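Count residues from 1 along the sequence. Everything numeric here is computed off the predicted structure, so don't read it as measured data.
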Amino acid sequence: MYVLNLPIPYATIGLMTKKSFATLALSFLLVCSAAAKVGVGVQCDLYLRSELPASSDMVFKDGLSSYIGDSITFASNHSPWVFALQVKGNPWYVGFTADNWFVYKTIFRAAAYYLFWGPSGGAEVEKNFGVNMGARLGAGINVFLASRHLELYAQAAWNPYFGINLKHDDADLFFVKPLNFPVNAGVRVWF
């Protein structure tokens, strides 16, 4: 049996992957919006964290630091999952969260509180080139306005995570951040 091996440039494969991903994401959005109400929005993120190197002394370094960013969010009224995507520069970082709202209770007419859990992850693609994974556990409140077409929310989570720096010139190869507390506030528009 003869197998034909044609050289395909890596850039072409990357372009096909980007086009496939964009097509898949657009299809997912269209199918979800046809079957359900979809909420799309933005949120401001505040992260309070401390680093713990993967060493035997387990000493926290640099104390508690903070970072402010923003994310794009996506939710559907037919799913308990709420997704967020964060992209930031200097250095370039791409991160995601997927929160499962396992408790959702109405406080009064348009307001509710919720509890959530879910995974998180990300990759720094510039300075240290590293990847990280973690788990989230948190709570929040939301308020619907304008006949439930506008949602305002605020939430806080405990999000410990670990990772590896592949280019670790000035950083630890492995890192653990057990004290990572993201606080988010945002707005979603429902279609």
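Each salt bridge (Lys or Arg N to Asp or Glu O under 4.0 Å) pair with one or both residues in residues 101-126, not counting sequence neighbours, would appear here, but there are none. Listed by first then second residue, pairs satisfying salt bridge (Lys or Arg N to Asp or Glu O under 4.0 Å) with a partner in residues 69-97 number zero, not counting sequence neighbours. For the salt bridge (Lys or Arg N to Asp or Glu O under 4.0 Å) condition, no pair includes a residue of residues 72-82, sequence neighbours left out.
For N159, the side chain to side chain donor-acceptor pair (under 3.5 Å) partners are S120, not counting sequence neighbours. In this structure W92 satisfies the ring pair (Phe, Tyr, Trp, His ring centres under 6.0 Å) test with no other residue, sequence neighbours excluded. Scanning for side chain to side chain donor-acceptor pair (under 3.5 Å) contacts around R188 gives T73, E151, with sequence neighbours left out. Checked against side chain to side chain contact (heavy atoms under 4.5 Å, CB included), W158 has the following partners two or more places apart in sequence or in another chain: P160, F181. Evaluation of the side chain to side chain donor-acceptor pair (under 3.5 Å) rule for D45 yields Q43, S71, N184 as partners, not counting sequence neighbours. Among residues two or more places apart in sequence or in another chain, the side chain to side chain contact (heavy atoms under 4.5 Å, CB included) test is passed with A98 by W81, F83, P119. With sequence neighbours excluded, no residue forms a side chain to side chain donor-acceptor pair (under 3.5 Å) with Y113. With sequence neighbours left out, the side chain to side chain contact (heavy atoms under 4.5 Å, CB included) criterion links I72 to no other residue.
Rounded to the nearest 0.5 Å, atoms CG (L115) and CZ (F102) are 5.0 Å apart.
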Would you please test V40 and V189 for side-chain contact (heavy atoms from CB on, under 4.5 Å) and show each step? CA-CA 5 Å; V40 179; V189 177; over 6 Å; no
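Of all heavy-atom pairs between L85 and G95, the closest is CD1-O, 3.3 Å. Residues K37 and R148 approach most closely at NZ-O, 3.5 Å, considering heavy atoms. Smallest separation of non-hydrogen atoms from Y93 and N132: OH-ND2, 3.2 Å.
Cluster note: Y153 groups with V82, W101, Y104, Y114, F116, F144, W190 through ILVMFWY side-chain heavy atoms spaced under 4.5 Å, whether in direct contact or through intervening members.
Hydrophobic clustering keeps F96 apart from M133 (ILVMFWY residues linked when any side-chain heavy atoms are closer than 4.5 Å, directly or through intermediates).
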